[in-house]
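First the proteins, then the strands, lettered A, B, ... as listed; each starts at 1. Since we're looking at a predicted model, the values are computed, not measured.
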Number of protein chains: 4
Amino acid sequence: METDNAAEQQHEGEQWIEELLAISQEEKMTPKQIAILEAAIEIFSDKGYSAAATSEIAQKAGVAEGTIFRYYKTKKDLLLSIVGPTMSRMIAPFVMRNFDGVLDGPPESYEAFLRAFMVNRLEFARKNFKILKILIQEIPFQPALREQFAENVLGQVLERVTAITEHFKEKGEIIDMPTPAIIRFTVSSVIGYLLARLLFLPDSDWNDEEEIEQTLAFMLYGISGPAVRPETK
Amino acid sequence: METDNAAEQQHEGEQWIEELLAISQEEKMTPKQIAILEAAIEIFSDKGYSAAATSEIAQKAGVAEGTIFRYYKTKKDLLLSIVGPTMSRMIAPFVMRNFDGVLDGPPESYEAFLRAFMVNRLEFARKNFKILKILIQEIPFQPALREQFAENVLGQVLERVTAITEHFKEKGEIIDMPTPAIIRFTVSSVIGYLLARLLFLPDSDWNDEEEIEQTLAFMLYGISGPAVRPETK
Amino acid sequence: METDNAAEQQHEGEQWIEELLAISQEEKMTPKQIAILEAAIEIFSDKGYSAAATSEIAQKAGVAEGTIFRYYKTKKDLLLSIVGPTMSRMIAPFVMRNFDGVLDGPPESYEAFLRAFMVNRLEFARKNFKILKILIQEIPFQPALREQFAENVLGQVLERVTAITEHFKEKGEIIDMPTPAIIRFTVSSVIGYLLARLLFLPDSDWNDEEEIEQTLAFMLYGISGPAVRPETK
Amino acid sequence: METDNAAEQQHEGEQWIEELLAISQEEKMTPKQIAILEAAIEIFSDKGYSAAATSEIAQKAGVAEGTIFRYYKTKKDLLLSIVGPTMSRMIAPFVMRNFDGVLDGPPESYEAFLRAFMVNRLEFARKNFKILKILIQEIPFQPALREQFAENVLGQVLERVTAITEHFKEKGEIIDMPTPAIIRFTVSSVIGYLLARLLFLPDSDWNDEEEIEQTLAFMLYGISGPAVRPETK
DNA sequence: AATGAATGAGGCTTCATTCAT
DNA sequence: TATGAATGAAGCCTCATTCAT
């Protein structure tokens with residue numbers, strides 16, 4: 001964590017590099033390849049995939065134009081090499097048993113589960129912000145991405161999340177409403193927070209802990225005041 | 001409503017044309033100009049602004065490529081001519097007094113207000129879905145759009161919505177939480193519904209009335225079940 | 001003459017219009033056609049023939065784009081309609097007997113002839129400056145113009161000027177040097193003055209009468225000073 | 001000189017290439033870049049800058065159209081890269097001390113100076129004829145060129161030439177007439193010769209040495225014959 | 001006679017990709 | 001392995017010219 005913060009302060013927004021370095025050791029990436037990815041993320045994120053020029057990426061990476069195409073057959077390959085693995089890591093917690101890494105054991109309560117989930121994914125989103133931006137921008141236009149997304153997220157993740165949701169519904173912690181709706185509500189709320197936090201107002205003073213608690217309270221109890229709460233009549 | 005649905009079935013996703021035709025009568029658009037806009041919306045929405053070729057737009061519109069540039073000085077002009085006016089109409093209800101057109105009078109309750117708002121904006125989003133998609137995709141890359149968005153939405157709309165929210169907070173219909181957070185929660189939930197309804201699963205069988213009621217219930221009372229509701233302990 | 005000066009002061013550099021109006025009465029030009037010529041001269045002169053757009057000419061002339069092509073089949077036609085007649089008028093004095101209009105009778109002396117010639121052609125060049133600029137710019141690129149120029153100037157004019165020059169050579173007023181060289185010297189000197197006067201330094205204070213006398217003195221006696229004059233040794 | 005003539009006969013009008021090759025060795029031009037310049041000079045000179053198509057230049061140079069833009073960002077850049085350096089070399093003799101390269105020492109007489117100057121600049125103009133043609137054609141329309149011309153020629157050269165002229169005026173070799181007029185006379189005469197020699201009648205049989213002497217005689221003593229020479233009366 | 005909407009060929013320029021070094 | 005010169009297809013845009021009104 002401390003080294004993490006240090007890295008963040010050194011060059012804000014490039015925290016993804018630690019993840020990438022981990023991969024690079026496994027997959028034997030050369031420094032040039034890393035530089036290319038780093039530059040590509042920056043420029044894809046800034047200008048969009050279509051408007052980004054490979055020549056500009058090469059320049060920013062400090063390599064020759066041709067070098068990019070030694071590592072990635074096409075520009076689209078480069079894009080997929082960036083967002084593909086991130087997509088896998090994005091949904092990693094869901095495909096592990098018992099949400100390893102998110103929860104150390106089986107979640108005691110739905111609230112605890114949601115809280116752990118938010119903390120964990122906020123951290124992830126912060127570290128991979130630029131890549132996620134590229135992913136969101138390009139999913140509508142890249143069938144390859146859409147497919148991978150559909151298979152993984154709408155396939156595996158939804159299945160897993162549905163199971164969890166229904167588990168807590170049976171335990172009475174969640175009201176009796178169609179599971180898809182419940183998932184939609186929670187996902188909307190969490191993503192709403194992430195977008196506000198990282199995209200729309202990244203420079204505000206955010207008290208993450210407090211905001212997460214408020215968002216949790218909203219998801220669980222809504223925003224109705226005493227005047228309309230049935231139980232307080 | 002019925003004619004609306006008929007139109008939808010005729011050519012799905014081109015409902016915007018009725019809005020546009022209304023404008024065309026006011027602003028005297030020629031059939032060719034309408035065809036250009038129609039084609040541009042389709043192609044921008046499908047491939048993204050940067051990846052869309054003016055030659056393809058011309059072909060789809062059934063005009064010569066040069067004709068596009070008689071009406072719009074540049075490709076970017078064409079983009080702005082599409083999303084600019086839509087942006088204005090997007091926020092139109094917020095800048096009217098008492099939400100004319102959304103509510104006939106001042107809203108009796110926060111719930112009634114939210115319900116009217118959702119119905120109204122869902123209708124709007126449905127009619128302008130492709131343009132809204134273009135708008136969302138391009139806002140990050142087009143300073144001109146960002147500016148207009150910041151001025152209008154973050155300027156006028158937030159001010160208006162804040163006032164309404166605080167009005168109902170004072171009346172006790174909304175719990176005592178920071179207004180920005182409350183706005184974030186409601187906006188997230190509404191947009192979450194719109195996206196699921198129109199973008200992610202447009203082909204599902206949606207019972208809009210019921211979904212809206214459920215979303216309202218979520219926003220007001222949350223998803224906690226009897227096991228955790230404080231008052232039922 | 002007085003009206004002439006008045007016109008000059010009204011809008012400097014458009015004196016050609018009087019010549020044009022004279023023609024228009026003969027050739028029945030409509031006001032629109034005159035406006036087109038006027039605009040074309042301005043724009044051809046400013047940006048060059050190739051870089052001038054017919055649309056800009058139409059706009060400046062206050063006519064529709066198509067109207068130009070009712071009077072002139074092509075853009076090149078328009079050019080030729082401007083410079084062709086001016087070319088004829090440029091050499092007009094040479095093809096008249098006894099230089100009518102330049103000299104009232106046969107020239108008494110070579111000096112008198114040169115003086116009258118300079119005064120007369122300076123006046124002409126001043127009135128037709130923009131057209132002459134177009135002519136000089138385009139002669140290298142327009143075979144039609146080159147042909148007309150070769151036929152008229154190198155044909156008729158040179159013949160006439162040669163005759164005059166040799167007439168005065170026989171009378172001993174001009175030294176015994178090849179006639180082509182003599183013509184070259186005088187033409188260079190006269191044109192050199194015209195260019196300096198009208199093109200390079202049009203805003204200087206010019207005393208035309210004095211400058212013409214000095215140029216005459218140069219042509220006749222050169223610039224050698226007493227130290228090298230043979231006769232003054 | 002002989003090799004020079006040989007080159008001229010091989011491909012007429014491309015003598016500039018020797019100058020360019022000298023530069024290319026210093027500035028490391030590739031053969032393709034030289035071919036592009038060569039083709040551009042030819043075509044700009046033939047059709048004028050505006051009417052020249054980069055596609056035609058590429059074809060004549062034997063390269064792909066895109067290659068031009070690797071070396072020159074824009075078509076205008078290509079133009080400036082051709083005429084800019086030539087402009088510098090055009091005035092080079094004037095900015096050197098004592099006219100190095102034109103005169104070996106300080107000029108003994110005004111006549112000797114003028115003779116050396118004519119020989120030297122005729123040689124230069126012959127070698128750079130096409131580029132000079134482009135320069136003259138485009139100066140009125142290219143502010144960048146006009147500026148450079150004004151700064152260099154009207155700035156440095158005039159100053160230098162004025163000094164020389166006044167030097168010889170003091171020595172009595174030049175008559176007492178305003179210096180600007182004297183400069184105009186000489187420049188007109190020299191340029192008149194160059195144009196006749198290279199532009200108007202390049203195919204005549206020219207005896208350069210004799211023509212230069214005659215032109216010198218004209219500049220110094222004029223064309224008046226014995227009948228009107230004051231001193232011979 | 002005059003218009004101006006429409007055309008489409010052609011202009012300049014960009015850029016992903018290749019390949020000889 | 002890495003380079004970067006070279007490519008040429010494709011992109012955006014201009015403009016002379018036509019033609020129905």
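Which of dC12(F), dG4(F), dA2(E) sits closest to the side chain of K75(B) comes down to dC12(F). For F69(A), the side-chain atoms get nearest to dT17(E) when compared with the rest of dT17(E), dG4(F), dA2(F). Looking at the side chain of T74(D), the nearest of the listed nucleotides dT13(E), dT7(F), dT3(E) is dT13(E). For V63(D), taking side-chain heavy atoms from C-beta onward, the closest of the listed nucleotides dG4(F), dT7(F), dT17(E) is dT7(F). Picking from dT3(E), dT3(F), dT17(E) the nucleotide with the shortest atom distance to the side chain of T67(A) gives dT3(F).
If you check residues 45-62 of chain B against DNA chain E, you find no residue with a heavy atom closer than 4.0 Å.
Between the Y49(D) side chain and the K76(D) main chain, a donor and an acceptor come within less than 3.5 Å of each other. With hydrogens and angles ignored, the 3.5 Å screen pairs no side-chain donor or acceptor of K47(B) with any backbone N or O of A53(B). Under the 3.5 Å distance criterion, the side-chain polar atoms of K60(C) are left unmatched by any main-chain donor or acceptor of A39(C).
Smallest separation of non-hydrogen atoms from I82(C) and A40(C): CD1-CB, 3.6 Å. Nearest heavy-atom pair across N128(D) and R89(D) is OD1-NH2, 2.9 Å.
Rounded to a whole Å, the CD1 atom of I34(C) is 12 Å from the P atom of dA2(E). Between the P atom of dC15(E) and the CZ atom of F44(A) lies a distance of 13 Å, rounded to the nearest Å. Rounded to whole Å, atom P of dT14(F) lies 13 Å from atom CD1 of I68(B). Per the geometry, NZ belonging to K28(B) stands 13 Å off P belonging to dA5(E), to the nearest Å. In this structure, the CD1 atom of I43(A) is 11 Å from the P atom of dA16(E), given to the nearest Å. Put simply, CG on L79(B) is 12 Å from P on dC12(F), counting in whole angstrom units. In this structure, E65(C) atom CD and dC15(F) atom P are separated by 10 Å, rounded to whole Å. When rounded to the nearest whole Å, the span between CD of Q33(B) and P of dA5(E) equals 10 Å.
Residue Y71(B) places at least one side-chain N or O closer than 4.0 Å to OP1 or OP2 of dA6(E).
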query = According to the Watson-Crick and G-U wobble definition with distances under 3.5 Å, which dot-bracket string, read 5' to 3', encodes DNA chain F, using [ ] for crossing pairs and | for pairs with another strand?
reply = .||||||||||||||||||||

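Residue K32(A) is the one, among R70(B) and K32(A), whose nearest nucleotide of DNA chain F lies closer to the 5' end (criterion: closest heavy atom).
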request  = With side-chain hydrogen bond (donor to acceptor under 3.5 Å, both in side chains) as the test, would you mind laying out the steps for E65(D) and T54(D) before giving the verdict?
outcome  = CA-CA 7 Å; E65(D) 200 169 355; T54(D) 52; 2.8 Å; yes

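Remark: K130(B) fails to qualify as a cation-pi partner of F44(B) under the 6.0 Å distance and 45° angle criteria applied to the six-membered ring.
Two residues are said to be in side-chain contact when any heavy atoms from C-beta on lie closer than 4.5 Å; S88(D) and Q148(D) meet this criterion.
Within a 6.0 Å sphere centred on CZ of F149(D), other residues, nucleotides and ligands contribute 12 heavy atoms or fewer.
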